[in-house]
Asks: 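Got a structure for you, written out below as structure tokens; questions coming shortly.
Every number for a ligand or one of its atoms is a count from 1 in the order of the listing.
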Amino acid sequence: MNSIKNKIVAAYEELAEHYDRHIDTKPHNAFYDRPNTLAMLPEVAGKTILDAACGPGKYAEILLSQGASVTGFDISPKMVHLAKQRNGLQGDFFVHDFSQPLTQLEDQSFDMVLCALALHYVEDWSVTIREFYRVLKSRGILVLSIEHPFYEYTFFRSEQYFSVENVQCIWRGFGIPVEVNSFRRPLEACLGPLTDHGFYIDKLVEPKPTAEFANYDPKHFQELNQFPAFLCIRAIKKN
Ligand SMILES: C[S@@+](CC[C@H](N)C(=O)[O-])C[C@H]1O[C@@H](n2cnc3c(N)ncnc32)[C@H](O)[C@@H]1O
């Protein structure tokens, strides 16, 4: 593993239990990312869904409760342990780095792939998106949430919009300060890997927080109503 990836894994190993403890109600997840990203999915009952970079399995918990069959993976062994713990005997979770081929999963075995708030941890998306394409059935649905490229550009004070850059910041929202590395990129580099690898973009949403967000964090509620921090994308496998 390269050194930035090592740092990302170490950060999530350190964060995992705190993340799990906060994930049900942490406003950016519970009242901003999840409602908007889940709204991109059609009816999930009876569908097979791959939850890529599943974290502690909160999305999986919701999808399982709605009657989906869920397989999830994450690069952090602690996150995978927590996802199993949260979901009991339901779902199938394993450790995997999605910059590598998903050799354990068959071609065309999923109706949908969900990947929430995780692609910015991978410098080059091409293997990941190719694998999402391979495991999806024909006309399968890929739903992504990512950090909004315009938000990242200003937040990280970038001066090179067109580059893919390693950036880092200290997260304090999960109860302990942890340095988190990621890769910011221009909008074109978020959509290009999808359209270059057999998907068309079906829907793009610049989300707004739900009203409940304001009860937990009025300052960010106001900010997110003025400028988006995340971007939700629905892409369809062409054939
Ligand atoms: C912000 S969390 C999102 C978790 C979950 N999708 C959610 O929204 O609740 C990002 C997750 O991406 C995982 N991750 C980071 N790099 C990864 C990689 N290369 N392969 C798989 N998972 C990765 C982290 O371990 C972490 O669990």
Side-chain angles (χ1 to χ4, degrees), residues 1-41 49-64 70-87 91 93-105 112-132 135 142-148 152 166-169 171-174 178-184 207 229-233:
M1 265 198 244
N2 65 38
S3 63
I4 296 172
K5 193 176 291 180
N6 279 332
K7 286 185 192 172
I8 293 169
V9 176
Y12 273 105
E13 285 288 278
E14 195 180 341
L15 267 174
E17 279 171 18
H18 302 269
Y19 196 100
D20 182 53
R21 221 172 294 136
H22 288 81
I23 196 67
D24 290 344
T25 54
K26 189 168 175 300
H28 276 81
N29 300 83
F31 311 121
Y32 187 50
D33 173 57
R34 280 203 303 274
N36 285 288
T37 304
L38 288 168
M40 305 291 268
L41 293 169
I49 304 183
L50 176 63
D51 184 0
C54 60
K58 180 65 193 177
Y59 267 103
E61 179 183 37
I62 295 167
L63 297 170
L64 286 162
V70 180
T71 300
F73 69 81
D74 198 282
I75 198 168
S76 155
K78 280 194 185 162
M79 286 292 200
V80 171
H81 172 74
L82 291 162
K84 287 181 180 168
Q85 208 171 62
R86 182 180 280 271
N87 291 296
F93 300 94
F94 59 93
V95 176
H96 177 73
D97 168 5
F98 64 8
S99 64
Q100 303 298 318
L102 274 161
T103 45
Q104 57 277 69
L105 299 180
M112 302 172 208
V113 173
L114 165 74
C115 183
L117 299 180
L119 274 173
H120 45 279
Y121 298 116
V122 177
E123 186 169 11
D124 178 353
W125 289 9
S126 49
V127 171
T128 318
I129 301 296
R130 250 189 239 127
E131 285 296 273
F132 290 168
V135 302
L142 170 61
V143 168
L144 307 175
S145 64
I146 57 173
E147 293 190 349
H148 198 301
E152 289 180 312
N166 172 218
V167 289
Q168 52 282 122
C169 64
W171 280 15
R172 299 177 195 279
F174 288 100
V178 176
E179 185 187 73
V180 177
N181 276 259
S182 60
F183 295 92
R184 66 144 294 276
F230 297 163
L231 183 64
C232 303
I233 300 167

Asks: Work out which heavy atom in V70 is nearest to a heavy atom in A60; give both atom names and the distance.
Replies: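 So the minimum-distance heavy-atom pair works out to CG1-CB, 3.8 Å.
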Asks: Just by distance, no angles: are the side chains of N181 and Q168 close enough, under 3.5 Å, to form a donor-acceptor pair?
Replies: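 Looking only at side-chain atoms, Q168 and N181 do form a donor-acceptor pair, the distance falling under 3.5 Å.
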Asks: For F98, check ring-ring contact (aromatic ring centres under 6.0 Å, His included) against everything at least two apart and list the hits.
Replies: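 Once residues adjacent in sequence are excluded, F98 has no partner under the ring-ring contact (aromatic ring centres under 6.0 Å, His included) criterion.
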Asks: In chain order, what residues pass the salt bridge (Lys or Arg N to Asp or Glu O under 4.0 Å) check against D20, with sequence neighbours excluded?
Replies: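 So D20 forms a salt bridge (Lys or Arg N to Asp or Glu O under 4.0 Å) with R86.
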Asks: Can you give each donor-acceptor pair under 3.5 Å made by side-chain atoms of residues 114-124, sequence neighbours left out, with the distance rounded to 0.1 Å?
Replies:
unit_1: Y121; atom_1: OH; unit_2: Y12; atom_2: OH; d: 2.6
unit_1: D124; atom_1: OD1; unit_2: S126; atom_2: N; d: 2.9
unit_1: D124; atom_1: OD1; unit_2: S126; atom_2: OG; d: 2.7
unit_1: D124; atom_1: OD2; unit_2: S126; atom_2: OG; d: 3.4

Asks: Quick one, list the residues around ligand 1 where some non-hydrogen atom comes in under 4.0 Å, by chain and residue number.
Replies: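 Around ligand 1, where the cutoff is 4.0 Å for heavy atoms, the contacting residues are I8, Y12, Y19, A53, C54, G55, Y59, D74, I75, S76, M79, H96, D97, F98, A116, L117, A118, Y121.
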Asks: Can you name the closest pair of heavy atoms from V167 and R184 and give their distance?
Replies: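 That closest heavy-atom pairing would be CG1-CG, 3.8 Å.
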